[in-house]
2 protein chains.
Amino acid sequence: MNYDEPFGCSVTVTLKVIGGRWKPIILFNLLENEKCRFNALKRMINGITQRMLTMQLKELVDDGVISREVLEVVPPHVEYSLTEYGKTLTPLLLQMRDWGAYHAQRSEAAAAD
Amino acid sequence: MNYDEPFGCSVTVTLKVIGGRWKPIILFNLLENEKCRFNALKRMINGITQRMLTMQLKELVDDGVISREVLEVVPPHVEYSLTEYGKTLTPLLLQMRDWGAYHAQRSEAAAAD
DNA sequence: CATTGCAGTATAAAAAATGATACTACATTA
DNA sequence: TAATGTAGTATCATTTTTTATACTGCAATG
């Protein structure tokens with residue numbers, strides 16, 4: 001998501017933060033699991049590569065919606081979780097999930113003709 | 001948006017329909033203006049090319065969220081509008097706009113240090 | 001002693017999204 | 001008669017996103 005909003009469209013701002021193929025899924029897992037370590041997320045999110053997970057997590061951290069805590073053990077553990085700010089996305093994420101479920105159901109029904 | 005949802009994530013389904021750089025803006029204009037003709041949309045949406053507008057409109061029509069009506073005059077007029085189904089996106093679009101506005105304000109405040 | 005798990009990085013390539021430009025046919029306007 | 005507006009299409013180029021693959025160092029496990 002590298003686009004600057006054409007005329008200050010707030011929707012586009014939102015997409016810049018949580019748009020893209022993986023971010024919503026990452027945020028969802030953090031919504032459901034509170035804290036997740038890197039490899040735990042990788043296992044949960046089917047098909048994501050390490051590189052993509054790393055990149056998306058970094059962007060989410062930079063945007064302040066998730067936090068990254070390093071536990072100083074050997075080997076190091078890293079825990080990701082939603083920040084308080086990130087939690088303001090909860091209703092939006094739930095609504096996106098609900099509309100998606102609604103749409104998927106409708107598409108399925110249409111395909112059953 | 002060409003990705004199939006990794007594990008049936010509903011949020012990803014939603015992104016498939018309304019994700020991308022232009023779709024939310026197109027939908028917003030149709031939310032605010034009821035009916036829009038092709039060139040009217042092009043003028044409203046700063047920076048979009050004819051090609052992108054054509055493509056995004058076609059996808060939105062295919063997904064059933066907007067309708068395309070051709071008025072048989074010369075030269076032909078084409079009117080786009082949200083379908084009843086598309087209107088079910090209204091609360092989601094408004095929430096995306098609201099969170100984006102909230103986030104933009106926060107970013108601005110942070111930049112003012 | 002070899003493998004596995006930890007949390008990544010580096011490099012290169014492929015795929016997808018987006019953009020730029022020119023073009024269509026017809027009718028009205030200047 | 002030339003320019004403008006209608007709603008696009010066609011072709012090519014560029015940018016962005018995503019993937020694939022190999023690699024790091026350290027510790028515990030088998």
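Here is the naming used below: chain letters follow the sequence lines, and residue numbers restart at 1 for every chain. Predicted model only: the values in this text are computed from it and were never measured. The figures that follow rest on heavy atoms only: side chains count, while hydrogens, waters and symmetry mates do not.
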S.K.: Could you give the CG-to-P distance, from Leu53(B) to dA7(D), as a whole number of Å?
M.R.: 10 Å
S.K.: Should we say atom CD of Glu32(B) is surrounded by more than 12 heavy atoms from elsewhere, each under 6.0 Å from it?
M.R.: yes
S.K.: Among side-chain atoms of Ser67(B) and Thr83(B), is any donor-acceptor pair under 3.5 angstrom?
M.R.: no
S.K.: With a 4.0 Å cut-off, would you call Lys23(A) and Glu59(A) a salt bridge?
M.R.: yes
S.K.: Nearest heavy atom decides the nucleotide; on that basis, is Gln50(B) or Met55(B) closer to the 5' end of DNA chain C?
M.R.: Met55(B)
S.K.: When you check the phosphate oxygens OP1 and OP2 of dA7(D), does a side-chain N or O of Arg37(B) lie under 4.0 Å from one of them?
M.R.: yes
S.K.: Can you tell me the distance, in whole Å, between the CG atom of Leu41(A) and the C1' atom of dG8(C)?
M.R.: 13 Å
S.K.: Taking CE from Met52(A) and C1' from dG8(C), how many angstroms apart are they, rounded to a whole number?
M.R.: 15 Å
S.K.: Separation of His77(B) atom NE2 from dA27(C) atom P, in whole Å?
M.R.: 13 Å
S.K.: Regarding Glu79(A) and Arg68(A), does a basic nitrogen lie under 4.0 Å from an acidic carboxylate oxygen?
M.R.: no
S.K.: Hey, does the side chain of Arg68(B) come within less than 4.0 Å of dG8(D)'s phosphate (OP1/OP2), counting only N and O?
M.R.: yes
S.K.: Just how far, in rounded Å, is P of dT18(C) from CD1 of Ile26(B)?
M.R.: 10 Å
S.K.: Would you mind telling me which residue lines up with the more 5' stretch of DNA chain D, Val74(A) or Ile48(A), judged by nearest nucleotide?
M.R.: Ile48(A)
S.K.: Spell out yes or no: do the side chain of Arg51(B) and the base of dT18(C) have one donor N/O and one acceptor N/O closer than 3.5 Å?
M.R.: yes
S.K.: Tell me which of Asn39(B) and Lys58(B) sits closer to the 5' end of DNA chain D, going by the nucleotide each one is nearest to.
M.R.: Asn39(B)
S.K.: Rounded to whole angstroms, how far apart are CD on Gln56(B) and P on dA7(D)?
M.R.: 18 Å
S.K.: Within this structure, what is the CZ-to-C1' distance between Arg43(B) and dG8(D), rounded to whole angstrom?
M.R.: 14 Å
